[in-house]
Amino acid sequence: MKGKIVVISGPSGCGKGTVIAKLLDRDSNLKLSVSMTTREPRAYECHGREYYFVSREEFEKRIAAGDLLEYTVYNGNYYGTPKTELALAQEQGTDILLDIEVEGAANVRKAGLENLMTIFLAPPSFEELRKRLTLRGTEDSEVIERRMERAKKEILEKDKYDYIVINDDLETTVDEVYFIINNK
Ligand code: 5GP
């Protein structure tokens, strides 16, 4: 029996990273797919853990070679899912979690994979989202505005997902997502 492929999308700042970290802690059968990106690493990020950080040239080579299940351009940078991440999970018999934005999720749906489930994580409100992005302090105000604009577009896509979870309270959200992954 193959493992599940779980896509989680949600606007930048909605708490997705924290929810995912807690899920991975709780569920030893769930592994995170490490994406490839051309964005600069943040201070705490390591190559091969949060992302594979590569040059544009390298990323475009991967596209041409057909190495990516899906990819997109987000705020001027490439982000994509290496096919090897899914192959590895399949080999190890684990479920795999893809933290990807809405265009990538649409492309994964089109790929017609078996055992796919998609979850949209929504912030309680736009005001709360702006507050969280500002408090995080990893992006300057221009990037925050661009991420807010993108969030408005992303939220319009939420009904295309199998499940929508509103991240109001962290622990409740983690419980809900854990339940969805393990009981559906
Ligand atoms: P960040 O720069 O905050 O790490 O990520 C920005 C956005 O890119 C997030 O919404 C994240 O889910 C998305 N993302 C990360 N990796 C991938 C990927 O491999 N493919 C796609 N389509 N989106 C990704």
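Both ligands and their constituent atoms are indexed starting at 1 by order of listing.
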Can you establish whether the number of heavy atoms outside Ile144 located under 6.0 Å from its atom CD1 is more than 12?
yes

Looking at Tyr178, is Arg26 sitting on its ring face, NZ or CZ under 6.0 Å from the six-membered ring centre and within 45 degrees of the normal?
yes

Residue shell for ligand 1, any heavy atom closer than 4.0 Å, reads Lys16, Ser35, Arg39, Arg42, Tyr51, Glu70, Thr72, Tyr74, Tyr79, Gly80, Thr81, Asp99, Ile100, Glu101, Gly104, Arg147

Indicate yes or no: does Arg146 engage Glu142 in a salt bridge with an N to O separation below 4.0 Å.
yes

Spell out, as yes or no, whether a donor-acceptor pair under 3.5 Å connects the side chain of Ser9 to the backbone of Ile100.
yes

Any chance the side chains of Ser35 and Tyr52 put a donor and an acceptor closer than 3.5 Å?
no

Counting only heavy atoms not in Tyr71, do more than 12 fall under 6.0 Å of its OH?
no

